[in-house]
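To keep things clear, I will list the structure first and then write my remarks on it.
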There are 2 protein chains.
Amino acid sequence: MRRDSRLSGVLHVLLHMAQQAGPFTSETLAKAMDTNPVVIRRIMAGLRELGYVRSEKGHGGGWRLACDLSKVTLRDIYAALGSPSLLAMGNRTEAPGCLVEQAVNAALDQAFHDAEALLLARLGEVTLAMLGDDLRKRLGSRKIHHISAHGA
Amino acid sequence: MRRDSRLSGVLHVLLHMAQQAGPFTSETLAKAMDTNPVVIRRIMAGLRELGYVRSEKGHGGGWRLACDLSKVTLRDIYAALGSPSLLAMGNRTEAPGCLVEQAVNAALDQAFHDAEALLLARLGEVTLAMLGDDLRKRLGSRKIHHISAHGA
DNA sequence: CCATCATGTAACATATAAAGTTACATGAGG
DNA sequence: CCTCATGTAACTTTATATGTTACATGATGG
């Protein structure tokens, strides 16, 4: 499959939501992300369960942020997605009887584990608020490109 | 797709080869790895190009180690496989026009890059000889389980 | 010279997982 | 009670590692 881009995608959504008020429908967000509303609902479901966002049905419904952006890190969001595997590589066999394979696994596991730990640590250092600050810096004098709230 | 296990697989092969002399046919190695001879040839092709192993056709042919095991690291082997992507996650869009996406990418790229660098560094610290030493330690008093050179 | 063995490689098949899509149920307004 | 929006199951598409088949190439031994 291609590389998992859910974290990238959901962060994009959250950051857009942090730039303007009001509920966003899945359709609106999907248009901004050039994808499908169901995909949005899917990646947002885990965040809703952990209370990072709220959703409401019916007229005037949609998604809203429901957390302190300075308290939620990228690692939290990653966890809300179900903590998908970080590495594209793995061992051929997890619990091998072959001692050769055990030796190989031990060496690789060490490296893999260290890399995963560092990645999680880095993600844990960045809050959504910090992402927002960085975005505002990038915007500079430029006007914020708000996504249109009512379709194209 | 499942996680890439080529590095794990090829290391297994190399370590087996380091335990006994003589050429190994792809079929013999495939049996030990419970896979297909063509898969063996495929993952060994890159190593042959870099001179880590040699292959010969015809009677008495097969694969032989052709390098100083104390000079070749797991990172070298990884590179010989064509440096496949290390991380299972990536950015939704690599060169986005959207500033929001740029901010997200910047934060993720930082974390991704650090993790990849650490993983490569760790792989670069381990030589094939070190793997062999570790294997001998694991074998202890036990007899080495040589793979049978002529089928079953 | 030629039968056999082994690699080299293209082509095709399978498996898995993310992403995209369709369809329909549920519930909130107005 | 009609419309809007989420919730979710089911299916399709796509990408990629892995598995398999088929056949070409070249080396060895008789």
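All values below come from the heavy atoms of this structure, side chains included, with hydrogens, waters and symmetry mates left out. First the proteins, then the strands, lettered A, B, ... as listed; each starts at 1. On a predicted model such as this, the values are computed, not experimentally measured, just so you know.
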Using a cutoff of under 3.5 Å, can you pull out all pairs of nitrogen or oxygen atoms linking the protein to nucleotides 20-25 of chain D, with atom names and distances?
| from | atom 1 | to | atom 2 | distance (Å) |
| --- | --- | --- | --- | --- |
| D:dT25 | O2 | B:Lys57 | NZ | 3.2 |

Show every donor-acceptor pair shorter than 3.5 Å between a side-chain atom in residues 95-123 of chain B and any protein atom, with sequence neighbours excluded, or say none if there are none.
| from | atom 1 | to | atom 2 | distance (Å) |
| --- | --- | --- | --- | --- |
| B:Glu101 | OE1 | A:His12 | ND1 | 3.0 |
| B:Glu101 | OE1 | B:Arg92 | NH2 | 2.7 |
| B:Glu101 | OE2 | B:Arg92 | NE | 3.2 |
| B:Gln102 | NE2 | B:Pro96 | O | 3.0 |
| B:Asn105 | ND2 | B:Thr93 | O | 2.7 |
| B:Asp109 | OD1 | B:Asn91 | ND2 | 2.7 |
| B:Gln110 | NE2 | B:Asp114 | OD2 | 3.4 |
| B:Asp114 | OD2 | A:Arg122 | NE | 2.5 |
| B:Asp114 | OD2 | A:Arg122 | NH2 | 3.4 |
| B:Arg122 | NE | A:Asp114 | OD2 | 2.5 |
| B:Arg122 | NH1 | B:Glu125 | OE2 | 3.4 |
| B:Arg122 | NH2 | A:Asp114 | OD2 | 3.4 |

Rounded distance (Å) that lies between atom P of C:dA6 and atom CH2 of B:Trp63: 14 Å

Interatomic distance, A:Asp4 CG vs C:dA19 C1' [rounded to whole Å]: 10 Å

Partners meeting salt bridge (Lys or Arg N to Asp or Glu O under 4.0 Å) with B:Lys71 (sequence neighbours left out): B:Asp68

Pairs meeting criterion salt bridge (charged side-chain N to carboxylate O under 4.0 Å, His left out) with involvement of residues 76-87 of chain B, two or more places apart: none

B:Gly60 vs B:Pro84, nearer the 5' end of DNA chain D by closest nucleotide: B:Pro84

Side chain of B:His59 (C-beta onward), nearest among D:dG19, D:dG29, C:dA28: D:dG29

Contact under 4.0 Å: B:Ser26 side-chain N or O vs C:dT7 OP1/OP2: yes

N/O (side chain, B:Arg6) to phosphate O (OP1/OP2, D:dA17) under 4.0 Å: yes

Indicate every side-chain donor-acceptor pair of residues 56-63 of chain B with a distance under 3.5 Å to a residue at least two apart or in another chain.
| from | atom 1 | to | atom 2 | distance (Å) |
| --- | --- | --- | --- | --- |
| B:Trp63 | NE1 | B:Ser26 | OG | 2.9 |

Those residues of residues 46-55 of chain B lying under 4.0 Å from DNA chain C by at least one heavy atom: B:Arg48, B:Ser55

